[in-house]
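Everything on this sheet refers to the single structure shown next.
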Amino acid sequence: LQIPKFRDVQTLPRAAHWEDRLLTECFLMTPPAESTLPAPVLVVEDEPLIRERLQQVLAHLGYAADALLFAASLAEARACLAATPVALALVDLGLPDGSGIDLIAELRAADPALGILVISAWSTEDGILAALRAGATGYVLKERDDLEVTLSIRSVLRGGAPIDPFIARRLLAELQPPSPADAPAAPAQRETSCQAHPLPRDAQLPATAAAAQEQAASMASTRAIDSS
């Protein structure tokens, strides 16, 4: 048995064993019947090489060329949507005339059941969460190889919500509560000067004025006796 060469694989497979990768590859070699694929598909991507790559991935899944709509900007995407409703959308976030998050929100408002997969480069945690809150069904990094992108698209077609493992780990780390070691320590109680340094017994002040006069008279009497 020879291990087949995987198409356009640029990174090491995530599968723990090559047998799992082989089974996945064989599974993908049999695309679903064309009649079962939701169409048309809107691909919003401004990089020509990425558009060509996604076209090949979608063709491998069974999509005909006339079932694909390509847009390189928000304006082109909105023009496509005004002419034809879509059944699936693959959206890049960084577009020449704005953010794909705005388009995702518009797509979700128009069709609450639409599958929307973000295929984009790494963004900030806030940007990723904003895309998911706007209505994205899933998020995969465009740096992933064709097999992983294909699996993410298939997951969306089947009602799944694929999240890139790297993004999932980062988001989970952000949601973790702080450890007890990171909690601020309680301020130590300050001792009063009286508690820390009590006055000696013979240095305490008299409590009343009468006692003060009596003590002064006693001291004067003592001095007089000593001088005599």
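Throughout, residue positions are numbered sequentially from 1 according to the sequence presented. Just so we're clear, the structure is a prediction, and the values are computed from it rather than from any experiment.
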Got a donor-acceptor contact below 3.5 angstrom from the Arg108 side chain to the Pro112 backbone?
-> yes
Let me check something: any side-chain donor-acceptor pairs from residues 38-47 under 3.5 Å, sequence neighbours excluded? List them with distances.
residue: Glu45; atom: OE1; partner: Lys142; partner atom: NZ; Å: 3.2
residue: Glu45; atom: OE2; partner: Glu47; partner atom: N; Å: 3.0

CD of Glu143 to CZ of Phe166, rounded to nearest 0.5 Å, is 9.5 Å
Rounded to the nearest 0.5 Å, what's the gap from CG on Asp146 to NE2 on His60? Could you check?
-> 9.5 Å
Can you pull the side chain to side chain donor-acceptor pair (under 3.5 Å) pairs that have at least one residue in residues 110-120, sequence neighbours excluded?
-> Asp92-Ser120
For Ala130, which residues count as a side-chain contact (heavy atoms from CB on, under 4.5 Å) partner, sequence neighbours excluded?
-> Ile101
Residues at least two apart in sequence or cross-chain that pass salt bridge (charged side-chain N to carboxylate O under 4.0 Å, His left out) with Arg78, listed by chain then number, are Glu106
Taking side chain as C-beta onward, heavy atoms only, is Tyr139 less than 4.5 Å from Thr137?
-> no
Which value, rounded to the nearest 0.5 Å, describes the distance between Asp97 atom CG and Ser73 atom OG?
-> 4.5 Å
Side chains of Gln56 and Glu52: does their closest heavy-atom pair fall under 4.5 Å?
-> yes
Side-chain (Glu76) to main-chain (Ala72) donor-acceptor, under 3.5 angstrom = yes
Just one of Ile119, Leu68, Leu49 clears the side-chain contact (heavy atoms from CB on, under 4.5 Å) bar with Leu54, so which one?
-> Ile119
Is there a side-chain contact between Leu90 and Leu58, using heavy atoms and a 4.5 Å cut-off?
-> yes
When every non-hydrogen atom of Val86 is compared with those of Leu114, the smallest separation belongs to O-CD1, 3.5 Å
Which atom pair, heavy atoms only, marks the closest approach of Val118 to Ala136?
-> CG2-CB, 3.7 Å
So do Leu88 and Tyr63 actually touch side chain to side chain, heavy atoms under 4.5 Å?
-> yes
Just jot down the side-chain contact (heavy atoms from CB on, under 4.5 Å) partners of Pro162, sequence neighbours excluded, or say none.
-> Leu117, Ser152, Ser155, Val156
Reported CG-to-OG1 distance for the pair Leu157 and Thr36, which is rounded to 0.5 angstrom | 8.5 Å
Side-chain heavy atoms of Ile163 within contact of Val140, under 4.5 Å = no
Flag the pair Leu93 / Ile104 as yes when at least one side-chain heavy-atom distance between them is below 4.5 Å, and no otherwise.
-> yes
According to the salt bridge (charged side-chain N to carboxylate O under 4.0 Å, His left out) rule, which pairs have a member within residues 112-135, sequence neighbours left out?
-> Glu125-Arg170
